[in-house]
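Inspection log for the structure reproduced underneath, given as structure tokens.
Whatever order the structure lists them in is the order used to number ligands and atoms, beginning at 1. The basis for the numbers below is simple: all heavy atoms, side chains too, and nothing from hydrogens, waters or symmetry mates.
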Amino acid sequence: AITVTIDGTEVTVPSGTTILAAARSIGVRIPTLCDHPDLRPVGICRICMVEIEGVDCLQTACTYPITRPIRITTTSSAIRTARRHILEMLLATHYGDCNTCKRNHNCELQSLAAEYGIDCFRFGRPEAPRYAIDGSGASIVRDMNKCILCRRCVRACNELQDVGCLTLTGRGENARISTFGENMLATAVCIECGQCINHCPTGALSEVDQTDEVWTMLDDPTKHVVIQTAPAPRASIGEYFGLEPGTPLTFEMNTAIRRIGFDAVFDTNFSADLTIIEEGTELLQRLHQSLTGESPATQLPQLSSCCPGWIKYIEYFYPEMLPLLSTAKSPQQMFGAMIKTYYAEKRGIDPKNIVSVALMPCTAKKFECSRPEMTASGFQDVDFAITTRELVKMMRESGIDLPKMPKSGFDEPFGDPTGSGVIFGATGGVMEAALRTVLELVTGKKVESFFENADIIPVRGFEGIRLAELPVTEVGPVPELLSHLFTDFEWLKGVTLRVGIAHGTANIHKVMEDIKNGGIFSTCHFIEMMACPGGCLGGGGQPIPTSPEIRAKRAKAIYSEDAHYVVRKSHENPQVLQIYREFLPEGPCSHKAHALLHTHYTP
Ligand code: HC0
Ligand code: SF4
């Protein structure tokens with residue numbers, strides 16, 4: 001450990017700690033722009049410059065490692081002048097008006113300009129845009145006129161996600177961020193996860209805003225506009241209303257959504273439970289075929305299929321492995337199919353007059369709902385997937401102060417939230433929900449007899465790649481729900497289920513390579529893949545900023561909701577069971593279930 005002095009205060013830190021980290025540890029705030037807690041420091045924006053006694057020029061605090069006792073000054077006239085100069089230079093090339101920017105009040109450049117008292121454009125400002133805005137993609141918009149070249153998007157796309165869509169191109173004053181091959185987003189190799197947006201300090205990247213289209217539908221008296229709300233937004237939306245990350249506002253959100261004018265609000269948890277039944281049943285089918293030697297071509301490990309960013313990733317980079325994907329659609333899409341069939345029938349509404357909106361933490365969900373595969377109801381199953389940020393915008397326009405809303409429940413016939421559904425929003429949640437159901441259905445015993453409180457701790461956590469083994473020591477009789485598919489479970493007795501979890505696409509990449517090379521993950525039975533760090537709670541449509549700390553708090557909220565719900569297992573969700581009785585009487589993975597709830601992605 002080394003003791004240094006920062007602005008006169010002594011602090012002892014391990015050798016190699018950056019000045020920035022040391023300063024933060026004692027509450028000294030140094031401004032940053034290119035730095036981000038998810039990304040490796042690069043020291044290119046230079047706003048974090050500090051003085052080191054005996055060193056001639058200012059040094060960047062984010063990259064300077066402490067290796068000897070030094071005296072650091074973080075504020076002085078020279079430092080303030082330099083920082084102001086940098087901001088003025090950035091503003092000289094930054095085209096855009098804060099008042100009309102989506103990131104107004106949520107922009108790091110704007111905040112720093114205010115903090116450093118920038119009150120004029122000393123070096124001028126662009127009078128016209130230099131670049132055309134690229135809004136060609138389904139999910140993401142790029143406005144390079146607002147880019148400050150911090151490379152946070154490039155690093156998110158390459159380091160966190162290992163996708164390599166975004167890159168720096170050009171030199172000097174022609175330097176700019178572009179896509180690989182300089183393609184428009186519509187044709188670029190982009191998985192639409194939106195991590196570039198979440199990591200952008202300004203308004204250079206944003207989602208395709210569909211709020212105007214949703215308003216138009218809400219204003220149309222002939223339309224019945226419903227919304228399903230995903231698990232992750234409820235754990236984060238409060239951040240935009242001044243609350244700590246991880247303050248769940250599930251029921252306040254329902255009231256707000258009704259005040260905005262939606263005709264009904266449903267919980268995506270319902271279809272998350274439906275997904276678990278379908279995906280879990282499919283897993284048992286694949287296991288049966290493989291363990292009994294019934295079908296040598298059986299494709300294991302089964303890979304989860306609810307994350308559209310991951311689906312796009314496998315389609316681009318591992319198309320030959322597509323047969324490993326579960327055929328189950330995501331909860332968003334299953335719900336979409338149910339709303340325009342089952343719900344329409346039950347309520348006697350012509351499905352062509354139903355507008356199905358989904359509140360998602362995700363930008364890729366916009367792409368997913370527009371995929372040609374997603375029309376099982378005979379219509380586009382989900383019409384609009386809006387992000388947490390877009391819903392907040394609609395709430396603000398409606399004068400809603402969300403935390404002050406009274407609470408209200410979800411609309412029938414899809415019922416109350418369930419624990420198994422809500423944990424989908426965190427990495428490992430899909431796996432835990434699936435295991436709760438599969439273990440109970442197969443053993444006939446309460447999962448609590450294997451895991452205290454039904455918390456399957458081995459699959460939880462934030463490690464980027466996780467592996468767990470669960471021995472099936474006993475089997476029970478086949479429950480009625482699965483009696484059309486199995487006569488007994490003897491073939492599973494004594495088998496150790498091996499499961500994997502990966503989140504953040506760079507980790508998915510490692511797992512896919514491992515499977516390809518016949519490593520340990522190729523011996524797994526089921527693997528959950530989520531494109532975003534932390535799973536959906538860290539999604540590209542979530543409140544900005546994001547960081548490991550913020551994501552951990554959101555996850556805590558999700559697991560505590562789970563612990564408090566009455567129904568915590570998908571196969572115990574009364575509405576889901578009702579739907580099998582009423583609407584899908586042939587059961588999970590039957591012909592009708594396949595037609596509505598499953599799909600095939602082809603290379
Ligand atoms: Fe997710 Fe989902 S949990 S992908 O992570 O599976 O977006 O929140 O809604 O569809 O349920 C996102 C979040 C969902 C879906 C669910 C799944
Ligand atoms: Fe969307 Fe969730 Fe996948 Fe991220 S992890 S791309 S938020 S579905």
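- With a heavy-atom cut-off of 4.0 Å, Lys365 touches ligand 1 through its side chain alone.
- Counting only distance, with no hydrogens or angles, the side chain of Asn269 and the backbone of Pro231 share no donor-acceptor pair below 3.5 Å.
- Regarding atom 1 (Fe) of ligand 2, its nearest protein heavy-atom neighbour is Cys362 SG, 2.3 Å.
- Residue Gln332 has at least one heavy-atom neighbour below 4.0 Å for each of these atoms of ligand 1: 10 (O), 15 (C).
- Glu440 and Arg436 are not joined by a salt bridge, as no carboxylate oxygen comes within less than 4.0 angstrom of a charged side-chain nitrogen.
- Minimum heavy-atom separation, Phe251 to Pro417: CZ-CG, 3.8 Å.
- Ligand 1 lies out of reach of Glu368, whose nearest heavy atom is not under 4.0 Å from it.
- For ligand 2 and Gly539, the ligand atoms under 4.0 Å from any heavy atom of the residue are 7 (S).
- Below 3.5 Å of separation, one finds no N or O of Pro233 facing any N or O of ligand 1.
- Separation of the Tyr343 and Phe266 ring centroids falls under the 6.0 Å cut-off.
- No cation-pi contact links Lys510 to Phe521, judged by a cut-off of 6.0 Å to the six-membered ring centre and 45° from its axis.
- By the 4.0 Å N-to-carboxylate-O rule, Lys365 lies close enough to Glu368 to be salt-bridged with it.
- Heavy-atom contacts of Cys306 reach the following atoms of ligand 1: 4 (S), 6 (O), 17 (C) (cutoff under 4.0 Å).
- Distances below 4.0 Å separate heavy atoms of Cys362 from the following atoms of ligand 1: 7 (O).
- Near Ala272, the atoms of ligand 1 lying under 4.0 angstrom from a non-hydrogen atom of the residue are 11 (O).
- One distance of note links CD of Glu159 with CG of Asp38; it measures 9.5 Å at 0.5 Å rounding.
- Note that Lys516 lies outside the cation-pi zone of Tyr318, set by a 6.0 Å cut-off to the ring centre and a 45° limit from the axis.
- Among the atoms of Cys536, an N, O or S atom falls under 2.8 Å of atom 1 (Fe) of ligand 1.
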Check your understanding: Could you go step by step and tell me if Glu244 and Lys553 meet the salt bridge (Lys or Arg N to Asp or Glu O under 4.0 Å) rule?
Key -> CA-CA 9 Å; Glu244 265 294 291; Lys553 287 184 183 166; 3.0 Å; yes
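- Applying salt bridge (charged side-chain N to carboxylate O under 4.0 Å, His left out) to Arg568 and the options Asp273, Asp416, Asp455 leaves one that passes, Asp455.
- Scanning the protein heavy atoms around atom 5 (S) of ligand 2, the nearest turns out to be Cys532 N, 3.3 Å.
- Of the options Lys346, Arg347, Arg258, a salt bridge (charged side-chain N to carboxylate O under 4.0 Å, His left out) to Asp411 is made by Arg258 and by none of the others.
- Counted by atom type alone, Ser206 and Arg103 present zero donor-acceptor pairs between their side chains at under 3.5 Å.
- For atom 2 (Fe) of ligand 2, the closest heavy atom belonging to the protein is Cys536 SG, 2.4 Å.
- Between Gly535 and ligand 1 there is no heavy-atom distance shorter than 4.0 Å.
- Shown in contact with Pro331 at under 4.0 Å from a heavy atom are these atoms of ligand 1, numbered in order with element: 6 (O), 10 (O), 11 (O), 15 (C), 16 (C), 17 (C).
- For ligand 2 and Pro308, the ligand atoms under 4.0 Å from any heavy atom of the residue are 8 (S).
- Nearest to atom 7 (O) of ligand 1 by heavy-atom distance, out of Pro361, Ala235, Ala426, is Pro361.
- In terms of protein heavy-atom proximity, atom 8 (O) of ligand 1 is closest to Ala232 N, 2.9 Å.
- Atoms of ligand 1 lying under 4.0 Å from at least one heavy atom of Ser330, given by number and element, are 10 (O).
- Distance from atom 3 (Fe) of ligand 2 to its nearest protein heavy atom, with residue and atom name: Cys307 SG, 2.2 Å.
- Protein heavy atom nearest atom 9 (O) of ligand 1, with residue, atom name and distance: Ala230 CB, 3.0 Å.
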